[in-house]
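Here is the structure we will look at.
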Amino acid sequence: MRRPVARNLTVLAVSAAVVSVGAAAPPAAQSKPVGTPPKVPVAVGYGGAVASVDADASAAGIEVLRKGGNAVDAAVATAAALGVTEPYSAGIGGGGYFVYYDAKSRTVHTIDGRETAPLTATSDLFVENGKPIAFADAVSSGLGVGTPGTPATWQTALDKWGSRKLGTVLGPAERIARNGFTVDDTFRSQTAANETRFRYFPATAELFLPDGQLPVVGSTFKNPDLARTYQELARKGVGAIYHGDLGDDIVDTVNKPPVDPASGWNARPGKLSEKDLAAYRAKLQAPTKTSYRGLDVYSIAPSSSGGTTVGEALNILEKTDLSKASEVQYLHRYIEASRIAFADRGRWVGDPAFEDVPTRQLLSQKYADSRACLIKDDAVLTSPLAPGDPRNPAACGTAGTAAPTTYEGENTTHLTVADKWGNVVSYTLTIEQTGGSGITVPGRGFLLNNELTDFSFTPANPAVHDPNLPGPGKRPRSSIAPTIVLDKHGKPVVALGSPGGATIITTVLQTLTGFLDRGLPLVDAIAAPRASQRNAAQTELEPGLYDSALRKQLEAIGHSFKPNPEIGAATGVQRLPNGRWLAAAEKVRRGGGSAMVVRPAP
C-alpha cells in the first residue's frame, strides 16, 4: 500500500512552483513609520524563506537572513516581531515549542519552552469551596498566568544554534514597536472581541484602546513601552526577566492584578514569585519521531501532546492508501484516526517530569495497528471513546474509562523558517487565549499568558487518573505540534505547524496528509477546508466542508457535525530542487498569511 514518495514529491514541487514565483521582503525600514508589506500566501526562491501570519514579522525574519543570519536567528526575529504585531497571540509573556533541523548533522532538536505553574501550586489550583471556578474567571486573572518561557526559548535557541546575539535579532521588532504597524481588520476585530475585559485593566485599555476607542483600520499602532522592553532585553539579556527588574514587574502584576475598581471585576491574584522565574528553564529534549510513507516525521515530545498524537494518528493511517481513497473515504479515515489518537492523548499525556508518559509506546506501529482495527468503513466510532493501553496493546481493545477532551484556547501563532544552508525551524508560540489573560504589565507593553488554564481544573473523569492536573512547577499539557519531515537521506521535505488549541493536532495531521498523500501543493494543503475531531460527539467542519455534499455523504455513514467558521492558521516551508525554498501560508484565514523568500526565483 506504500506509494513511491520521491516521485510524488517531485510532482508537488513542480505544482507548487507554478503557483507563484514568490515575493521578497521590502528593504529594511529606517526610522520612518513602518509601511505594511504586501501579503502573499506562497513564495519561491533562494537564500532562505519565512512564513508567518504577518507580513511585518515575515519581513523581519527575511531581513535577518539577508544580513547573513541563519534560520534560528531569523525565527527569533520573526517571533519577536509577532510579539508586536500579533500581541494577542504571542509575546514575551508566553511560551511555546521550538523544533530545529540542523543541516550539517541532519538531525532534529527541540526546545520545550512551555510555561510552568508556580512552585507553590497544588492540584486544586483552580478549586474554591470544593468546586472548580468558572473558566472565564480563571482566564482573566493572575491565577491563570504561568512563568513565561518565550524569552528563555529565544536565548536557548540562539546559544545552541544561532549565529547572532539576542540584541541584534530583536532590532527589527524593536523598530516596528517604536515606529508602528498598520492596523488591519483582524487586529481590530480581535481587539473588539476583548474590549470588555481589556477595560478591566487600565494598562491594557491604555495600550490597546487608544483614547478609549478601538484602533482604526489603516491607522498606525505604536507600542513604545514594548520597544523599550526589547531595548532592555537587548542590553541586559533575558536575565532581566528571570532575575531582574522586568521580572519583578511581572510578579507584582500577577500577584496584584491592576484592575479598574469601577469595573467590578474580581481578578483573582496569582501565586508567582521571583523564585519561580529564577528556577525556570527551557528544556532541550529529543523530538518525537515516527515513520510515514518512507519519511521520518519529527515533532515536539511531551509536555506537548502534539508530537505523540499526530504521530499516532499517522501510524493508524499508515496501512490505508489515502492517495487512492475517495474524498469521503479519506475524510472518514482521517476523522476516525483523530478520534482514536485524542482518546489516548487524554489518558496518557502530561508533563513527563510528573507523569509516566508512555511516549515510545504511543508512537509504536504495533500499538497503532491495535487501534486502527477499530475503524470500519461503514460505521462511526462513538465518542468519547475509551483509551487503549499502549503498554499492553490488544487488538481492537480499549482500557479504562473514556474522558472528554478539555478546552484549550485557540489563538496562538506559528512561524516556519529555512536558510540558505538548509537549516529549518518550525516554531509555535502562544499566550493561550486571544489576548491571553488580558493583563498588560504596566509600562512594559506586553500581555501575560493564561496558559495554566490548559490544566484540568478537576479530573476530566474522576474514575481514572488525570495526567494534566496542576502541580508545583508543572507544565500544562499542550497540543502544539511544530513538525519537520525528512526524506530517507535525512534532508527536509516539508516543515509546518499551526495555532488553534487542540485543533492544532488535527490541522497539522490534515495538512500533512493533504500534502503527502493527496498530492496537494503545500499552499493548497494549508488552504483546504478543515475537519477537526477531538474525541467529541460531533466533528467540527469549516464552511467549505459543512456546506458541501461531502457532509451528507459522511453523515450517511454515521458522522455528526457542527460548524466552525475557522480552524487554525498554518504556515510551512518546502525544500525544492537546486537550493530553492517554497514558503506557504494561509490564503484567507486570519486575513491571510505572509510567505517570503530572500531572492525570488525568476
Side-chain angles (χ1 to χ4, degrees), residues 25 27-31 33-34 37 48 50 52 54-87 89-96 98 100 111 113 148-181 207 221-247 249-250 282 413 415 417 419 425 427 429-431 440-441 443-447 596:
Q30 302 303 317
S31 58
V34 176
V50 180
S52 81
D54 180 76
D56 287 312
S58 294
I62 290 289
E63 179 182 330
V64 170
L65 291 176
R66 184 177 284 144
K67 292 179 176 179
N70 65 21
V72 172
D73 306 323
V76 175
T78 304
L82 288 167
V84 182
T85 60
E86 296 284 310
S89 299
I92 58 175
F98 192 102
Y100 167 66
I111 301 173
T150 291
T153 300
W154 293 353
Q155 192 62 66
T156 301
L158 291 171
D159 287 345
K160 290 293 292 183
W161 313 298
S163 67
R164 299 290 185 268
K165 293 186 180 298
L166 179 64
T168 301
V169 298
L170 289 179
E174 184 274 327
R175 188 178 63 234
I176 297 168
R178 174 168 33 89
N179 298 332
F181 63 91
L207 176 57
F221 188 94
K222 298 181 180 182
N223 191 340
D225 286 345
L226 184 56
R228 286 189 289 271
T229 296
Y230 279 162
Q231 288 172 341
E232 184 170 346
L233 288 176
R235 291 193 312 271
K236 301 178 180 178
V238 299
I241 287 179
Y242 297 104
H243 304 282
D245 293 343
L246 186 47
D249 289 348
I250 291 173
T413 195
L415 62 96
V417 180
D419 64 29
V425 171
Y427 179 26
L429 60 160
T430 179
I431 59 170
T440 298
V441 180
R444 296 298 191 171
F446 63 91
L447 288 156
M596 293 182 182

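- The distance from atom CZ of F98 to atom OG1 of T150, rounded to the nearest 0.5 Å, is 11.5 Å.
- Between I111 and A282, the shortest heavy-atom contact is CG2-CB, 3.7 Å.
- Taking the side chain as every heavy atom from C-beta outward, N223 and F181 never approach each other to under 4.5 Å.
- A 4.5 Å side-chain heavy-atom check between Y230 and I92 finds at least one atom pair inside the cut-off.
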Please output the side-chain donor-acceptor pairs of residues 69-86 that fall under 3.5 Å, not counting sequence neighbours, one pair per line with the distance.
{"residue": "N70", "atom": "OD1", "partner": "V72", "partner atom": "N", "Å": "3.0"}
{"residue": "N70", "atom": "OD1", "partner": "D73", "partner atom": "N", "Å": "3.0"}
{"residue": "N70", "atom": "ND2", "partner": "W161", "partner atom": "O", "Å": "2.9"}
{"residue": "D73", "atom": "OD1", "partner": "S163", "partner atom": "N", "Å": "2.9"}
{"residue": "D73", "atom": "OD1", "partner": "R164", "partner atom": "N", "Å": "3.2"}
{"residue": "D73", "atom": "OD2", "partner": "N70", "partner atom": "N", "Å": "2.8"}
{"residue": "D73", "atom": "OD2", "partner": "S163", "partner atom": "N", "Å": "3.2"}
{"residue": "D73", "atom": "OD2", "partner": "S163", "partner atom": "OG", "Å": "2.5"}
{"residue": "T78", "atom": "OG1", "partner": "A74", "partner atom": "O", "Å": "2.8"}
{"residue": "T85", "atom": "OG1", "partner": "D54", "partner atom": "OD2", "Å": "3.0"}
{"residue": "T85", "atom": "OG1", "partner": "A81", "partner atom": "O", "Å": "3.3"}

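- Under the 4.5 Å side-chain criterion, counting only non-hydrogen atoms from C-beta, F446 is not in contact with T440.
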| query | Given T413 and T430, is the side chain to side chain contact (heavy atoms under 4.5 Å, CB included) satisfied, shown in steps? | reply | CA-CA 6 Å; T413 195; T430 179; over 6 Å; no

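- Counting heavy atoms from C-beta on, the side chains of L170 and L233 come closer than 4.5 Å.
- Side-chain contact between F221 and L207 is present, with at least one heavy-atom pair separated by less than 4.5 Å.
- Residues in residues 228-237 take part in these salt bridge (Lys or Arg N to Asp or Glu O under 4.0 Å) pairs, two or more places apart or across chains: D225-R228, E232-K236, E232-R444.
- Atom CZ in R175 sits 9.5 Å away from atom CG in D56 (nearest 0.5 Å).
- In terms of the side chain to side chain donor-acceptor pair (under 3.5 Å) criterion, residue partners of Q155 (sequence neighbours excluded) are, by chain and number, D159.
- Put simply, the side chain of L429 reaches to within 4.5 Å of the side chain of Y427, judged on heavy atoms.
- Using a 4.5 Å heavy-atom threshold, the side chains of E174 and Q231 count as touching.
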